[in-house]
Amino acid sequence: MATTGGENRLSEQEQLTSAEAGHNKEQTAKATTALLSTWLVAIQQVLPIYSATHLLYLLLSYIAFLFPGDSSSTSGPVLGAMINSWRHWDTGHFITIALHGYSDWWRTAFFPLYPLLIRLVNYLADNPVLAGLVVSNLAGFGVLVLLYRLVTEDFDDELASRTVLYYAMFPMAFFLAAAYSESLFMLLSLLCFYSTRRGRWWQAALWGGLTSLTRATAIPLLIPFVYEYLRQHHFRLREFRLDVLSILGIPSGLALFAGYCYLRFHDPLAFSHAESVWQRSLQPPWFAFSATIAALVQDSSHLDFITIHRVIDLTLLTAVLALVVLLFVGPWRLRGPLAPTYTLYTVGAFIFFLLVPAVGRYPTMSMPRFSLALFPAFIVLARLGKSESFRLHYLMISGGLLTFSVLQFLIGQWAG
C-alpha cells in the first residue's frame with residue numbers, strides 16, 4: 001500500500017509538472033504570436049511609404065535620361081541603363097573593393113562589410129551595381145520597419161508613423177536606396193540600439209561590432225550602451241555582471257579592420273589617414289557652419305553650382321541642429337527615463353561627424369547624408385509636425401528637394 005501511495009504521489013507530481021510545461025508552452029506560443037503580430041503591423045505601416053518612395057525613385061531613374069549628364073546615354077537595354085545610372089561617386093569605390101579588394105590604401109576610407117555583401121550577392125546577380133542596390137534596398141526596408149517598432153514601443157503608434165514618413169521623405173533619404181553603405185549602417189545601428197534598450201547586451205555587442213565594420217561613425221553607439229547599462233543596473237557597481245564586457249563588441253569591428261590595415265598597408269589607421277584624400281581633417285564642431293557661411297559671404301556669384309549646394313546643405317544641417325537642440329529644450333523635447341538615451345546618442349553622433357569636415361571649398365560635404373544616423377531628431381520632427389499644415393509644408397518642400405537630389409545624383413552631379 002505504501003508503494004502504491006508513493007506511486008500515486010509520483011503520478012500526481014508528474015501530472016502537475018506536465019501541466020506546468022503545457023502552460024509554459026502555451027504562454028510561449030502566445031508571446032511568439034503577439035511578437036510576430038507587432039512586426040507584421042510594422043511592416044503593414046511601413047510598406048505604403050516604402051513603395052511610394054521607391055516608385056518615385058524608379059520613375060526618376062527613367063526621367064533622368066532627359067537631362068544631360070553621365071546617364072544621358074540611351075544605348076543598351078533600358079532596365080540595364082536605369083540600374084547603371086545609380087553607379088556614381090562612392091558606389092564606384094564600393095564596387096571596386098567588392099570585386100578587387102583593397103588594392104589602394106586610400107580606399108580604406110570605405111569600410112569592408114558593405115562591399116563584402118555586394119560581393120556575395122553579385123554571385124547571384126552577376127551585376128555589382130544591381131547587387132549593391134539589392135543589399136541597400138533590403139536593408140533600407142529593414143531600417144523603416146525597425147524604426148517604426150522602436151518608436152512604437154518607446155512612444156506610440158501615431159508618432160512612429162509620422163517619424164517613418166518624415167524620415168523617408170528627408171532630402172538625403174534616397175541614399176538608403178542607393179548603392180551606398182547608409183542603409184546597412186542604419187539597419188545595424190538600429191539593431192544595436194534596439195538590443196541595448198532591451199538589455200540584450202551580447203546581441204547589442206554583435207550588432208555594434210558589425211556596425212563599426214561598416215563605418216567608423218558607429219563609435220557613438222557606445223554612449224547609449226553605457227548609459228543604458230548603468231540605468232538598467234540602477235547605477236550600482238555591485239549589480240554589474242560579466243555582460244558588462246559586451247561593450248567591447250561595439251568597437252571590435254573597427255579594431256578588426258585596423259588589424260587588416262596594419263597587415264595590408266602597415267598602417268592600422270589607414271582608414272583615418274585616407275580621409276585626407278577628401279580634404280577631411282579634425283576641426284572644431286562649429287567649423288563646418290562657420291566656414292560655409294564665410295564662403296557664402298565671400299562668393300561673388302550666388303547662383304553657381306557650388307554656392308547653391310552650400311546653401312541647401314547648410315540649410316539642412318541647420319535644421320538638423322535645431323532638431324537636436326529641441327531634443328532637450330522646448331515643449332517637443334523627449335521626456336521620461338528614455339530621453340537621456342536618445343538625446344545622448346544624437347548629440348554624440350552629431351558632434352562626431354562634425355569634427356571631421358572637408359576643409360576645402362565644400363565644408364559641409366556629405367554631412368546632410370550623415371544626418372540620417374540621427375534618427376531621434378526625426379522623432380522630435382514628428383512631435384513637432386503633428387498638425388496637418390506642418391505635414392503638408394514639410395512633404396512639399398522636403399519632397400521637392402528629395403526629387404532634385406535624386407535627379408542630381410542620377411545624372412552624375414554631386415548630391416550630398
Side-chain angles (χ1 to χ4, degrees), residues 88-94 96-97 102-112 114-115 172 175 180-182 185 189 211-223 250-251 253-262 264-299 305-318 320-321 324 345-374 414-416:
H88 293 297
W89 305 102
D90 292 5
T91 300
H93 296 299
F94 285 123
T96 299
I97 296 166
Y102 288 97
S103 55
D104 303 295
W105 73 271
W106 50 269
R107 281 205 172 94
T108 55
F110 303 93
F111 277 44
Y114 181 66
M172 295 294 112
F175 279 107
Y180 272 54
S181 61
E182 251 66 29
F185 174 78
S189 295
T211 308
S212 67
L213 201 57
T214 306
R215 283 172 59 179
T217 46
I219 297 304
L221 287 169
L222 287 168
I223 301 171
I250 294 177
L254 185 65
L256 185 64
F257 189 44
Y260 169 82
C261 289
Y262 176 76
R264 179 73 176 82
F265 301 109
H266 309 290
D267 180 6
L269 297 178
F271 57 86
S272 178
H273 299 151
E275 294 293 344
S276 62
V277 175
W278 287 268
Q279 297 182 296
R280 293 191 183 277
S281 64
L282 191 64
Q283 300 290 337
W286 57 83
F287 177 86
F289 292 95
S290 61
T292 303
I293 293 170
L296 289 172
V297 170
Q298 293 169 8
D299 277 346
F305 179 87
I306 191 72
T307 302
I308 293 173
H309 270 278
R310 281 173 180 159
V311 171
I312 292 172
D313 286 0
L314 182 62
T315 302
L316 291 176
L317 205 58
T318 303
V320 170
L321 174 60
V324 172
Y345 166 71
T346 309
V347 172
F350 193 37
I351 292 174
F352 191 87
F353 69 72
L354 284 176
L355 289 174
V356 194
V359 295
R361 297 177 61 211
Y362 201 4
T364 56
M365 182 173 65
S366 302
M367 287 188 175
R369 168 163 58 95
F370 296 159
S371 298
L372 289 169
L374 310 179
W414 180 251

Value rounded to 0.5 Å, distance of CZ in Phe185 from OH in Tyr180: 16.0 Å

Inter-residue atom distance Met172.CE - Ile312.CD1, 0.5 Å rounding: 7.5 Å

Student check: side-chain heavy atoms of Leu354 and Leu317 closer than 4.5 Å: yes

Output field: ring centroids Tyr260/Tyr102 closer than 6.0 Å: yes

Counterpart residues, ring-ring contact (aromatic ring centres under 6.0 Å, His included), relative to Tyr262 (two or more places apart): none

Reported CD-to-OH distance for the pair Glu182 and Tyr114, which is rounded to 0.5 angstrom: 9.5 Å

N/O donor-acceptor pair under 3.5 Å between Thr292 side chain and Leu314 backbone: no

Considering all heavy atoms, the nearest His309-Ala415 contact: CE1-CA, 4.2 Å

Backbone of Val356 reached by a side-chain donor or acceptor of Arg280 within 3.5 Å: yes

Spacing of OG belonging to Ser212 relative to CD1 belonging to Ile250, to within rounding of 0.5 Å: 8.5 Å

Listed partners of Val320 passing side chain to side chain contact (heavy atoms under 4.5 Å, CB included), at least two apart: Phe170, Val324, Phe350, Ser371, Leu374

Leu221 CG to Thr211 OG1 distance, which is reported to the nearest 0.5 Å: 5.5 Å

Nearest-0.5 Å distance, CD1 of residue Ile293 to CD of residue Gln298: 12.0 Å

Contacts of type side chain to side chain contact (heavy atoms under 4.5 Å, CB included), residue Phe110, not counting sequence neighbours: Asp90, His93, Phe94, Ile97, Trp278

Minimum side-chain heavy-atom gap Trp105-His273 below 4.5 Å: yes

Closest non-hydrogen atom pair, Val277 against Trp106: CG2-CB, 3.7 Å

Partners passing ring-ring contact (aromatic ring centres under 6.0 Å, His included) against Phe287 (at least two apart in sequence or in another chain): none

ring-ring contact (aromatic ring centres under 6.0 Å, His included) involving Phe265 - partner list, sequence neighbours excluded: none

Flag side-chain contact, heavy atom, 4.5 Å: Trp414 against Met365: yes

Closest non-hydrogen atom pair between Gly253 and Leu213, with its separation: O-CD1, 3.3 Å

Phe370: partners by ring-ring contact (aromatic ring centres under 6.0 Å, His included), with sequence neighbours left out: Phe353

